[in-house]
Amino acid sequence: METSRDDVGIAIRSAFLTKSTKQKFSLFALIILSIALLFTETIETKPLNFFRAFVKDAIYRGALVVSAPSKSINNFSGFIKEHLSLYDDYGKLKKENSELKNQISGKDFLELENNQLRRLIDEQISSSSNLLSARVMLDKQSPYLNSFIINIGSNKKIKNGMAVLDSKNFIGRIVDVNYFSSRVLLVSDLNSKIPIITEPSAHHAILSGHGKNKPTLEYLPENHNIKNGDKVYTSGREGIFSPGIPIGKVRIEDNVVKVLLFSDLSQITFVNINLENINKIE
Amino acid sequence: MAYVNKQIKFKFLELVPLLLLFYISLNGHSVIDLKYFSINVHYILVYYWVLRQPRMLGYGFIFMSGVISDVVFGLPLGVNALSLLIIAAVATYARVVTVRITLLSDWISFIPALLVANFIYFLSLYFSNYSVDYLFLFKNSIFTFIFYPILWSVFTLILNLTKS
């Protein structure tokens, strides 16, 4: 049997343009709307930004409510696992405690020495009041993007590009700010490129995320002398992040310089946002 | 009373695909990512219901669910909505041109749906300057295709329950 071109045309018209039973919109109209939506993403105007922020805030709240049952189940299973591993944990903690007790005396001496030396050079110790704490609201790790949502936004003067820390370690930066929420792009994400400096080798490079795999150092000088265990800090070269925020330490695997992060990105509940360079970010 | 109960059950079962659609979008479970493979449940859900029972899953809802997924995953607004609508479009076309629907015919026509939707997904992200793991996307498409019959059976069970 031969299929004429008219039959295909009729089938396409019927599938795309006609509103079938109980359908309020035609597929074609919605496809055009989606494309228009994609184009408006590139337009930055105040009303559009406000609308986008409103929609995103509303969806985040909805997602928070919907994910509450699965979160409770996860918490419960975590609770059970913790109870089951209680005996092992006790043994480990006991061992760790004795090791720490041994280290304390050495640390006390170093602290004393450090204070004396600081007084000697009259250094002004910077305060940590430029950190703002936030809670992780949604942690929906997309297979494509490694990011999470925190519960503060432009209501607390958060801006795009600000450094996000777990305790004192760098874990990512703000990439999307709404009124009540913001998105943090983690250093492990494919889209994350952070200027860093290594220590003690003092090489500048770019820390590049690779999704599930460990981030790597790119654009290193050809004859670099980086070794396993070298520390990686933000270089502050881009002028947004403060220099010297610890990120991780180097591990060289198959001639690829990888970075083991100081923070476990899957275990983050609270974060600090560095407001130090707030005036530079506009 | 038995009639009312049956009506309530019938109405609830009719809403299952819609509830599932919004649940997976809001909960960020549209792509089930396991250790060795991942499946795009969103694509299978939309494809199956648009092909078999379009009145239970409106195009407007599919669009909204795509936008929600975009927001939850942090992608540019419209990327998922567009790829889901492409899946729906291929399913609608397959429904129009197919006389007898079987698992095999569904499964085979799911291949162009997946290919076109992922190509559109790739293009949208490319033009929005987003980097994604393309190997992951490829593996995801393969396993979504492989797992289609399993979800097909589950959805057919729900569909039969609404008819009984």
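In what follows, chains carry the letters A, B, and so on, assigned in the order in which the sequence lines appear, proteins first and then strands, with residues in each chain numbered from 1.
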Residue [X] excluded, over 12 heavy atoms near [atom1] under 6.0 Å:
X: Tyr134(B); atom1: OH; answer: yes
X: Lys193(A); atom1: NZ; answer: yes
X: Phe61(B); atom1: CZ; answer: no

Problem set entry | Val72(B) to Ala63(A) - nearest heavy-atom pair and separation | CG2-CB, 4.3 Å
Exercise. Closest heavy-atom contact between Phe73(B) and Ser147(A)?
Worked result: O-OG, 4.4 Å
How long is the gap from [atom1] on [X] to [atom2] on [Y], to the nearest 0.5 Å?
X: Ile31(A); Y: Ile86(B); atom1: CD1; atom2: CD1; value: 4.0 Å
X: Arg61(A); Y: Leu26(B); atom1: CZ; atom2: CG; value: 14.0 Å
X: Leu27(A); Y: Leu85(B); atom1: CG; atom2: CG; value: 6.0 Å
X: Leu30(A); Y: Tyr59(B); atom1: CG; atom2: OH; value: 9.5 Å
X: Ser70(A); Y: Tyr23(B); atom1: OG; atom2: OH; value: 4.5 Å
X: Ser69(B); Y: Ile59(A); atom1: OG; atom2: CD1; value: 9.5 Å

Exercise. Checking Asn191(A) side chain against Ser131(B) main chain: does a donor-acceptor pair fall under 3.5 Å?
Worked result: yes
Problem set entry | Check: Val71(B) main-chain N/O paired with Arg183(A) side-chain donor or acceptor under 3.5 Å | yes
Problem set entry | Pick from Thr40(A), Leu33(A), Ile35(A), Thr42(A) with the largest number of heavy-atom pairs that fall under 4.5 Å of chain B | Leu33(A)
Exercise. What part of Tyr130(B) gets closer than 4.5 Å to chain A, counting heavy atoms only: side chain, backbone, both or neither?
Worked result: both
Problem set entry | Interface moiety of Asn129(B) toward chain A, non-hydrogen atoms closer than 4.5 Å | backbone
